[in-house]
Colleague: 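Mind having a look at this structure? Questions to follow.
It should be emphasised that the depicted structure is a prediction, and the values quoted were computed from it without experimental measurement. Order of the sequence lines sets the chain letters (A, B, ...), proteins ahead of strands, with each chain counted from 1.
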Protein chains: 2
Amino acid sequence: MDNRFIKKLQGLAQLTANDKAALLDATSAPRAYAARQDLIREGDEPGPMFVVLEGWVCRYKILPTGTRQILAFLMPGDACDLHIKLLAEMDHSIQAITPSLVATVSRDRMNAMLDGHPNIAKAMYSAQLVDEGILRAWIVSMGRRSSTERVAHLICELYLRARSIGLTGEGHFDLPLSQLVLADALGMTAVHINRVLKELRLSGAMALNRGSVTILDPVKLIHVAGFDENYLHRRLRQAG
Amino acid sequence: MDNRFIKKLQGLAQLTANDKAALLDATSAPRAYAARQDLIREGDEPGPMFVVLEGWVCRYKILPTGTRQILAFLMPGDACDLHIKLLAEMDHSIQAITPSLVATVSRDRMNAMLDGHPNIAKAMYSAQLVDEGILRAWIVSMGRRSSTERVAHLICELYLRARSIGLTGEGHFDLPLSQLVLADALGMTAVHINRVLKELRLSGAMALNRGSVTILDPVKLIHVAGFDENYLHRRLRQAG
DNA sequence: CGTCACTTTGACGCTGGTCAACTTAGGTGG
DNA sequence: CCACCTAAGTTGACCAGCGTCAAAGTGACG
């Protein structure tokens with residue numbers, strides 16, 4: 001129904017009613033987090049696996065100089081850290097950006113689910129591969145794209161991810177990220193993000209206003225971003 | 001003995017003689033690759049898992065503009081793409097940097113090994129988590145570190161990785177990477193890499209000459225890099 | 001001994017950071 | 001319903017870090 005975790009995994013593998021029931025049960029008691037509240041901090045001992053059901057969450061790391069780098073955005077349906085318990089401590093923090101509902105699944109329960117439900121295991125391994133691909137794409141962006149290209153590329157990525165879980169309208173979607181958050185994600189300053197957004201708005205490619213993105217000219221935006229349309233698409237074998 | 005894959009996995013989990021025999025057998029027929037030869041290209045259908053036994057290998061991606069971004073370095077003992085077969089096509093290429101020996105393990109064989117050898121499974125999942133941590137650290141570097149810091153940080157990382165598989169001497173190690181390759185890895189130009197290396201040499205922190213790095217002042221280098229000494233260390237629970 | 005890839009250096013300019021001020025929007029309490 | 005407060009967004013002036021372009025130097029290898 002509106003369990004976006006199940007919805008997402010269904011796109012990655014065939015799930016039986018039994019599989020879905022197990023997933024629903026495992027995520028049935030989510031906890032609410034306030035905006036800016038940490039789920040877990042760098043240095044903490046890894047705990048259960050997190051599954052975001054509502055809201056936006058990010059992984060981030062603070063450098064000794066006080067600057068922040070956001071490493072990933074987690075949207076409803078995204079999970080993290082399949083085998084994380086193997087690590088002694090977290091090398092980054094995870095924080096809610098908006099008020100969020102997040103389920104936790106203990107490692108034992110997780111292992112039982114992976115063992116007893118091969119379809120779930122397949123879907124989750126696929127999801128992890130996609131996440132790794134996103135990490136690599138971020139490196140490419142940071143290393144070889146201009147600031148304008150980076151911003152456009154991130155918007156393309158987030159739009160497609162939002163669309164795949166049914167969170168988009170016609171040519172627009174909610175993006176509850178401040179310009180400071182975008183800057184921390186893209187390795188830029190909020191000031192420069194602002195200038196880039198103005199440029200993209202004036203060029204007629206896209207506009208970001210009050211937490212909502214309007215894609216004015218998809219073709220132009222994709223072109224500016226140098227976005228590979230198949231990036232999050234063709235990458236998976238046909239589910240099932 | 002000198003199978004560095006086994007040596008590396010031993011650092012991540014207790015392996016029985018039986019486990020080691022299975023690993024040795026699976027990697028007993030490596031293939032030789034010449035420098036600059038691709039193991040697999042972006043767009044190809046994913047094949048077997050690769051295990052680097054000798055030489056340096058990298059993941060990379062070419063942008064439409066022709067620029068290249070290196071996404072990871074693979075050293076002897078490093079493997080890649082545990083579940084890669086779930087993807088329809090590669091989103092990046094993998095290439096030998098130096099003449100290399102690389103074993104391939106078919107997916108069926110891989111799955112059999114993961115099922116039949118829980119210690120191997122544990123070690124390989126740990127290795128993958130460490131690799132993901134390295135990806136995240138690269139994002140942090142690209143986003144929030146200056147060029148000098150980036151270079152110093154990469155050298156620290158590579159030194160520690162080389163040391164963990166016994167490839168370092170006293171304060172120096174072989175680094176068969178041209179300045180162009182370093183530039184492609186760090187999102188810079190070869191010209192600027194050259195200037196940064198000169199600066200690091202003059203400051204007495206480190207020197208790179210003819211494929212070999214000499215760490216002149218470890219404390220200074222770590223300080224310049226803002227390197228977290230525990231980055232690749234404390235991160236694992238005690239093996240065994 | 002010539003070729004080719006790699007390294008080194010200088011001059012110059014653009015992208016994006018810094019600093020500072022002002023505007024806008026949203027929330028809270030009187 | 002307004003006054004106030006704060007976080008977020010916007011803009012301009014200035015400049016530094018790093019890219020670009022060009023040329024010369026070095027070493028490996030046939």
Colleague: Contact class for B/R150 (heavy atom, under 4.0 Å): base, sugar-phosphate, or nothing?
Modeller: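 No contact.
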
Colleague: Under 4.0 Å between a side-chain N or O of B/K198 and OP1 or OP2 of C/dT8?
Modeller: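 No.
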
Colleague: Between atom CZ in B/R144 and atom P in D/dG17, what is the gap in whole Å?
Modeller: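 Answer to the nearest Å: 17 Å.
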
Colleague: Side chains of B/Y60 and B/D184: does their closest heavy-atom pair fall under 4.5 Å?
Modeller: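 A side-chain contact is absent here, since even the closest heavy-atom pair is not under 4.5 Å.
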
Colleague: Choose from D/dA22, D/dA7, D/dT11 the nucleotide whose nearest atom is closest to any side-chain atom of A/R36.
Modeller: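 Given the options D/dA22, D/dA7, D/dT11, the side chain of A/R36 is closest to D/dA7.
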
Colleague: Rounded off to whole Å, could you give me the NE2-to-C1' distance for the A/H192 and D/dG17 pair?
Modeller: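 Answer to the nearest Å: 14 Å.
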
Colleague: B/T189 side chain N/O closer than 4.0 Å to the phosphate oxygens (OP1, OP2) of D/dC18?
Modeller: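 No, outside the criterion.
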
Colleague: Between atom CD in B/E199 and atom C1' in D/dG17, what is the gap in whole Å?
Modeller: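 Going from B/E199 (CD) to D/dG17 (C1'), I get 11 Å.
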
Colleague: Is there a side-chain contact between A/T168 and A/Y159, using heavy atoms and a 4.5 Å cut-off?
Modeller: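 Heavy-atom side-chain distance check passes, below 4.5 Å.
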
Colleague: Should A/R195 and A/E199 count as an ion pair when the cut-off is N to O under 4.0 Å?
Modeller: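 No.
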
Colleague: What does A/V196 touch in the nucleic acid at a heavy-atom separation under 4.0 angstrom: a base, only the sugar-phosphate, or nothing?
Modeller: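 If one applies the 4.0 Å heavy-atom cut-off, A/V196 turns out to touch nothing in the nucleic acid.
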
Colleague: Give the nucleotide from the list D/dG19, C/dG17, D/dT20 with an atom nearest to the side chain of B/V191.
Modeller: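 Among the listed nucleotides, the one closest to the side chain of B/V191 is D/dT20.
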
Colleague: Hey, which of these two, A/S147 or B/N209, hits DNA chain C nearer its 5' end, going by closest nucleotide?
Modeller: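 That would be B/N209.
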
Colleague: Do B/K61 and B/D91 sit within salt-bridge range, that is, some charged N less than 4.0 Å from a carboxylate O?
Modeller: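 Between B/D91 and B/K61 there is no salt bridge, as every charged N stays at least 4.0 Å from the carboxylate O atoms.
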
Colleague: Between the two end axes of the helix from C/dC1-D/dG30 to C/dG30-D/dC1, each built from 5 base pairs, what angle do you get to the nearest 10°?
Modeller: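 End-to-end axis angle: 40°.
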
Colleague: From the set D/dT10, D/dG19, C/dG17, return the single nucleotide nearest to any side-chain atom of A/Q179.
Modeller: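 Nearest nucleotide to the side chain: D/dT10.
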
Colleague: Once you round it to whole Å, what is the distance between C1' of D/dG9 and CG of A/L182?
Modeller: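 These atoms are roughly 12 Å apart.
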
Colleague: Taking the basic N atoms (NZ, or NE/NH1/NH2) and the acidic carboxylate oxygens, is any pair closer than 4.0 Å for A/D38 and A/R41?
Modeller: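 A salt bridge links A/D38 with A/R41.
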
Colleague: Using side-chain heavy atoms (C-beta onward) and a distance below 4.5 Å, is B/L74 in contact with B/C80?
Modeller: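 Sidechains of B/C80 and B/L74: in contact.
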
Colleague: Report which part of the nucleic acid A/R210 touches: base, sugar-phosphate, or nothing (heavy-atom distance under 4.0 Å, all strands).
Modeller: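 Sugar-phosphate only.
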
Colleague: Considering every strand and a 4.0 Å limit on heavy-atom distances, what is the contact class for A/G187: base, sugar-phosphate, or nothing?
Modeller: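 The residue A/G187 makes sugar-phosphate contact but no base contact.
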
Colleague: Do A/R195 and C/dT18 have a side chain to base donor-acceptor pair shorter than 3.5 Å?
Modeller: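 Under the 3.5 Å cut-off, the side chain and the base do form a donor-acceptor pair.
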
Colleague: Could you tell me whether the side chains of B/N3 and B/T27 share a donor-acceptor contact shorter than 3.5 Å?
Modeller: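 The criterion, which ignores hydrogens and geometry beyond distance, is satisfied for B/T27 and B/N3.
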
Colleague: Between A/R4 and A/D78 (salt bridge meaning N to carboxylate O under 4.0 Å), is one present in this structure?
Modeller: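 A/D78 and A/R4: not salt-bridged.
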
Colleague: Once you round it to whole Å, what is the distance between P of D/dA7 and CG of A/L180?
Modeller: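 Result: 12 Å.
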
Colleague: Between P on C/dT7 and CG on B/L175, what's the gap in Å once rounded to a whole number?
Modeller: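 For the pair B/L175 CG and C/dT7 P, the rounded distance is 11 Å.
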
Colleague: In this structure, how many angstroms lie between the C1' atom of C/dT9 and the CD1 atom of B/I193, rounded?
Modeller: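 Interatomic distance, CD1 of B/I193 to C1' of C/dT9: 16 Å.
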
Colleague: Separation of B/N194 atom CG from D/dC18 atom P, in whole Å?
Modeller: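 Whole-Å distance recorded here is 15 Å.
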
